[in-house]
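Values reported hereafter were calculated over all heavy atoms of this structure, with side chains retained and with hydrogens, waters and symmetry mates removed.
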Number of protein chains: 2
Amino acid sequence: MKPYKQFFHEYNLTYRPYVNQLNQELAEFQLYSSQWRIMHFILHNGEQTLSDIASYQKVEKPTTTKMVQRLIELDYLQSISGADKRTKLIQLTEKGLERCDQIQAKISQFQQYLLEDIPEEEQVAAARLLNHISGKISDYRKG
Amino acid sequence: MKPYKQFFHEYNLTYRPYVNQLNQELAEFQLYSSQWRIMHFILHNGEQTLSDIASYQKVEKPTTTKMVQRLIELDYLQSISGADKRTKLIQLTEKGLERCDQIQAKISQFQQYLLEDIPEEEQVAAARLLNHISGKISDYRKG
DNA sequence: TTAATTAGTTAGGCAAACTAACTAACGAAT
DNA sequence: ATTCGTTAGTTAGTTTGCCTAACTAATTAA
């Protein structure tokens, strides 16, 4: 099989088991991986508008609205009004921040386990490859 | 950011855009990427039972049943009864086989475009890394 | 000041997955 | 040979995670 076929073959087979296991790890926090992605984004990039979150995750705004609403219900996020009165700045609550620490610890352990036998160089190279693909897809869409 | 974090970060960001674009490529054949995965599997591995398909894709049987039913409606697949009368052997129809050729050509072009700037070595290394992850996840589930 | 754009929400829909509960057929074990 | 556990596949019903269309409110540009 050609290298590019090999790669996409493995790529397809890996995603579901990974997300399923991630969801299982997150269950004790009553979170799905999609919700954790939002919290993770805010944790590392500070408060964000709903549009920021949507465009970063490359999903539509209504989808993001609902996820954020759920996270607000769980008291993991809160929204404050921005200078531009149309916007809502979404930030972590104290409880949310606390959970982030616990979740990060758990997820990091899982992720490190998955890559423990792979040299760091290769991990970085694979990350670069994926990043490259993301860029190419954006270009492809435009032109 | 640590290599393993980098990797999973990119991994998360790449999947949806990739699948979305794949679905767009497949739209002219009235297929979704999940359905194409099934056809692709049968194309490369010959006729399969429904259980084979489900366990390979790592989804539950009811999910597989419905997808295969849809592909039979489209006249891309057909099922014949196996020696074991409980089983159904799912195989490509003539029309399905024809479509596979057309789809393969289109998808290959897209996938090659995505990786055209990446040395083949790195592609293979990344495929190996993903394969390794799949294995680790299976192990993790068991123990 | 009016028109176009942007931020966010609501409503409604669909794909893709799941579990639970079922039927039918097989196989092993006494 | 009969029974009992297992496997193959289906049906029914639910949920997640995404989408588009249509809307309101606020901002920006002409």
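Looking at A/Asp84 and A/Thr87, their side chains never bring a donor and an acceptor atom within 3.5 Å of each other. Between A/Thr14 and B/Ser134, the side chains place a donor N or O and an acceptor N or O closer than 3.5 Å (distance only, hydrogens not considered). Side-chain atoms of B/Tyr15 and B/Glu10 form no donor-acceptor pair, as typed in the model, at a separation below 3.5 Å. Defined by atom type and a distance below 3.5 Å, a donor-acceptor pair is missing between the side-chain atoms of A/Gln6 and B/Gln123. Side-chain contact check for A/Ser108 and B/Lys5: at least one donor-acceptor pair (N or O, by modelled atom type) lies under 3.5 Å. Side chains of B/Gln30 and B/Tyr76: a donor-acceptor N/O pair is absent below 3.5 angstrom, by distance only. Defined by atom type and a distance below 3.5 Å, a donor-acceptor pair is missing between the side-chain atoms of A/Glu98 and A/Gln102. A/Glu25 and B/Tyr140 share a donor-acceptor pair across their side chains, judged by distance under 3.5 Å alone.
For B/Asn12 and D/dG17, the CG to P distance is 13 Å, given to the nearest whole Å. Distance CD (A/Gln30) to P (D/dT15): 15 Å, rounded to an integer number of Å. Following rounding to the nearest Å, A/Leu50 (CG) and D/dA25 (P) show an atom-to-atom distance of 18 Å. Remark: P of D/dT7 and NZ of B/Lys61 are 10 Å apart, rounded to the nearest angstrom. Rounded to a whole Å, the CD atom of A/Gln35 is 11 Å from the P atom of D/dC18. Here D/dA8 presents its P atom at 13 Å from CD of B/Glu60, a figure rounded to the nearest Å.
A 4.0 Å heavy-atom criterion places the boundary nucleotides of DNA chain C facing chain B at C/dA15 to C/dC26, written 5' to 3'.
Taking every heavy atom of residues 63-92 of chain A and every atom of DNA chain C, pairs under 4.0 Å involve A/Thr65, A/Lys66, A/Gln69, A/Arg86, A/Thr87, A/Lys88, by number.
Place A/Ser51 and A/Asn20 on DNA chain C by their nearest nucleotides, and A/Ser51 ends up nearer the 5' end.
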